[in-house]
Amino acid sequence: MRSLRIRKTFLGLTLCSLLLGGMLFSFFAWDYVSHRIEFQELQRLRIEASDQRQNMQRLVLDVERLQQELASLAMTEARIRQLANLEDDGRLIPVAMGGQPDEDNFSLNEIQQQINALQIDIELRRQAQQDVRNLLNDQISISRSTPKGWPTRGWLSSYFGKRKSPFTGRTVMHEGLDIAANTGTPVVAPADGIVARVTYSSTYGNKVVIDHGYGYQTLYAHNSRILVKVGQRVTRGERIAQVGNTGVSTGPHLHYEVHLNGVPIDPRAFL
Ligand SMILES: [Zn+2]
């Protein structure tokens with residue numbers, strides 16, 4: 001009976017130990033596995049964070065590179081303005097140059113701010129370059145429309161200003177230059193323009209007037225022939241007439257006038 005009781009107690013204790021052991025083992029095994037999973041998750045997050053950090057560093061470098069490129073564009077534009085004698089409109093200083101994010105200590109917010117500043121700067125630059133293009137086009141257009149050079153090959157026989165009329169002897173204003181040349185010598189347009197008038201008058205003979213725009217008009221008188229029609233577009237150097245002796249004239253010559261805003265001015269300033 002005694003040995004049986006001992007064996008029963010022993011058996012009970014053994015069963016309890018086994019049960020406890022199993023429970024402990026299950027607990028530690030579960031704990032281990034869950035820690036293992038957490039550790040792997042942590043590793044994955046660490047790698048992800050490091051990748052993101054590298055991407056952000058790359059972004060910061062890209063932003064800096066773009067800022068430098070914009071700055072160099074602004075300098076080129078400033079040089080073009082200087083060469084073309086254009087006014088500096090005060091938009092040449094790049095706005096995105098200050099406050100660059102520190103490569104090791106930045107936030108997405110800071111990078112976003114830099115990108116916003118860059119976008120504003122690019123838009124300003126685009127507008128400024130359009131202005132430069134327009135101004136240059138205007139300058140080219142004005143230059144092409146301003147009389148330049150001799151309208152015919154010859155020599156000056158009478159100047160602009162008051163003179164005694166060779167016909168009446170009275171002092172009158174001579175509103176142009178007389179360029180003596182043989183009949184038939186080509187007369188060329190000294191600037192781009194549109195033929196405004198082709199007329200014959202007893203004083204001026206065969207006369208052509210060209211409107212160049214920007215307030216400039218030129219007049220050619222005493223021609224033997226006129227080679228253009230009213231409304232025709234002419235370019236600098238294009239033949240428009242031939243020297244002659246028509247109208248009131250003492251010999252073959254071209255009477256050449258330049259008007260600015262309707263007022264005759266000395267054409268010698270444009271030869
Ligand atoms: Zn004259």
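Counting starts at 1 for both ligands and their atoms, following the listed order.
- Every residue two or more places apart in sequence or in another chain that forms a ring pair (Phe, Tyr, Trp, His ring centres under 6.0 Å) with H253 is listed here: H222.
- Looking at D121 and R125, a side-chain N of the basic residue comes within less than 4.0 Å of a carboxylate O on the acidic one, giving a salt bridge.
- No other N/O/S atom of H255 lies as close to the Zn ion (ligand 1) as ND1 does.
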Requested in this report: Step by step, work out the side-chain hydrogen bond (donor to acceptor under 3.5 Å, both in side chains) result for Q114 and E110.
Outcome: CA-CA 6 Å; Q114 292 293 316; E110 280 171 328; over 6 Å; no
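- Listed by chain and number, the residues in a ring pair (Phe, Tyr, Trp, His ring centres under 6.0 Å) with F270 are Y216 (sequence neighbours excluded).
- Its N, O or S atom nearest to the Zn ion (ligand 1) is what matters here, and for D178 that atom is OD1.
- Taking backbone and side chain together, H253 holds no N, O or S atom under 2.8 Å from the Zn ion (ligand 1).
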